[in-house]
> 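Sharing a structure with you now.
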Amino acid sequence: MREVGTPLETLHEIRDMMEKSSRFLSLSGLSGIFAGLFALAGAAAAYWHLGLSLRDPAYHQYAYTEGRLNSDFISFVLADALLVLVAAITAGIYFTARKARKQGQSLWGFTARRLVFSMTIPLVAGGVFCLALIYHGVMGLAAPATLIFYGLALLNGSKYTLHDVRYLGITQIILGVIASFFVGYGLLFWALGFGVMHIVYGTLMYYKYER
Amino acid sequence: MKELLEHINKAFESKARLGIMSALMVNDQLDFNALKELLDLTDGNLASHLKALEEGQYIGVHKQFVGRKPNTTYHATETGRKAFSDHLRALEKLINGNR
């Protein structure tokens, strides 16, 4: 085993080890940018499909016909959301794996697992809660709820990854809370949070850590 | 110079032991595999460094079973934390002294 170098080198090694043992640092900004692009595409598809306009963007009025769930609407929204989710996760894993490989870190090491598990509980709770909202006929609150729970998941996960994720989480929570009072604009807030903010923070993180 | 070196702890001289202590300072506990992943050492090599730190009472060991698999976790003891902080301070002094 080689002996440690100069005191300064040693201090750097200590700091690096403390960082990489407590946080998953391979999260790529490009993952965020692509998640944002897919979210915008998904929101645009919903606008186009439902024939919404910026002056009348209330998606939830189409959710129920005569007080009953409109199954066409629900299946479209769920398919759209699922497609965005799968595309975002696939791109997210791809770019993060690429960064991890460059850094010589493993993609699915214990820090990555800790990050994912810390996000899972708020996300699952939020997902079930959104289904309950749809079930009870308050579809209009589903978009704000996804923002709030996703923000909470990021806030919780940020302890185990790059610090910037914390501010992205807080931003999503704020947007979600505001959106819950402007129910008609849910989809716009959703596009702002999941689309624009992912791109903004992704770009920020990309230039900060990967250039 | 002599008193500056006084707190430079021999137990933390090797890169591996320093790495183990650094990781355990910021994590409540880590298991063997996590440490192996972080330090990129062979099982035998890591085990011998852990043994040495354990004998110096710098780290504590918990053995338990997760299902049927044995799982060993390590944590820094009070002694270990104090010794590591002293070591850090001594390194800082060395750096400032050399300026």
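A quick note: this is a predicted structure, and the numbers were derived from the prediction, not measured.
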> For the residue pair B:E92 and A:L11, what are the closest heavy atoms and their distance?
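For B:E92 and A:L11, the tightest heavy-atom pair comes out as CG-CD1, 4.2 Å.
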> Heavy-atom distances under 4.5 Å only: say whether A:S106 touches chain B with side chain, backbone, both or neither.
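Side chain of A:S106 only, per the 4.5 Å heavy-atom cut-off to chain B.
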> Would one find more than 12 heavy atoms of other residues, nucleotides or ligands at under 6.0 Å from atom CZ of B:F84?
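Yes.
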> Does a sphere of radius 6.0 Å around CZ in A:F76 hold more than 12 heavy atoms from other residues, nucleotides or ligands, not counting ones at 6.0 Å or beyond?
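Yes, enclosed.
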> Only pairs of heavy atoms separated by less than 4.5 Å count here; which of A:K20, A:R15, A:M18, A:Q105 has the most with chain B?
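Of A:K20, A:R15, A:M18, A:Q105, A:M18 has the most heavy-atom pairs under 4.5 Å with chain B.
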> Please indicate whether A:F34 has more than 12 foreign heavy atoms, meaning atoms of other residues, nucleotides or ligands, lying under 6.0 Å from its CZ.
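Atom CZ in A:F34 is not crowded, with 12 or fewer foreign heavy atoms closer than 6.0 Å.
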> Please report the interatomic distance OG1(A:T10) to CZ(B:F12), rounded to the nearest 0.5 Å.
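So the OG1 of A:T10 and the CZ of B:F12 are separated by 13.0 Å.
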> Applying a heavy-atom distance below 4.5 Å, give me the residues of residues 27-34 of chain B that approach chain A, sorted by number.
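The residues closer than 4.5 Å to chain A, in numerical order, are B:N27, B:L30, B:A34.
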> Taking atom CD of A:E9 and atom NZ of B:K15, what is their separation to the nearest 0.5 Å?
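It comes to 9.5 Å.
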> Rounded at 0.5 Å granularity, tell me how far CD1 in B:I95 sits from OG1 in A:T6.
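Reported value, rounded in 0.5 Å steps: 7.0 Å.
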> Can you confirm whether more than 12 heavy atoms, excluding those of B:R81, are under 6.0 Å from its CZ atom?
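Yes, CZ of B:R81 has more than 12 neighbouring heavy atoms, counting only those of other groups under 6.0 Å.
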> Does a sphere of radius 6.0 Å around CD in B:Q64 hold more than 12 heavy atoms from other residues, nucleotides or ligands, not counting ones at 6.0 Å or beyond?
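It does: B:Q64 CD has more than 12 such atoms within range.
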> Could you check whether atom CG of B:D40 has more than 12 heavy atoms from other residues, nucleotides or ligands sitting under 6.0 Å from it?
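Count not over threshold, so no.
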> May I ask you to list the residues in residues 107-123 of chain A that approach chain B closer than 4.5 angstrom, counting heavy atoms only, ordered by number?
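Within residues 107-123 of chain A, the residues that come under 4.5 Å of chain B (heavy atoms only) are A:G109, A:F110, A:R114.
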> I want to check something: taking the side chain as every heavy atom from C-beta on, are A:M17 and B:L39 in contact at a cut-off of under 4.5 Å?
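A:M17 reaches B:L39 side chain to side chain.
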> To the nearest 0.5 angstrom, please state how far the CD atom of A:E19 sits from the OG atom of B:S22.
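Result: 12.0 Å between the selected atoms.
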> Quick one: closest heavy-atom pair of B:A23 and A:S21, and the distance?
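In terms of heavy atoms, the two residues are closest at CA-OG, 3.5 Å.
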> Are there over 12 heavy-atom neighbours, none belonging to A:E210, within less than 6.0 Å of that residue's CD?
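Atom CD in A:E210 is crowded, with more than 12 foreign heavy atoms closer than 6.0 Å.
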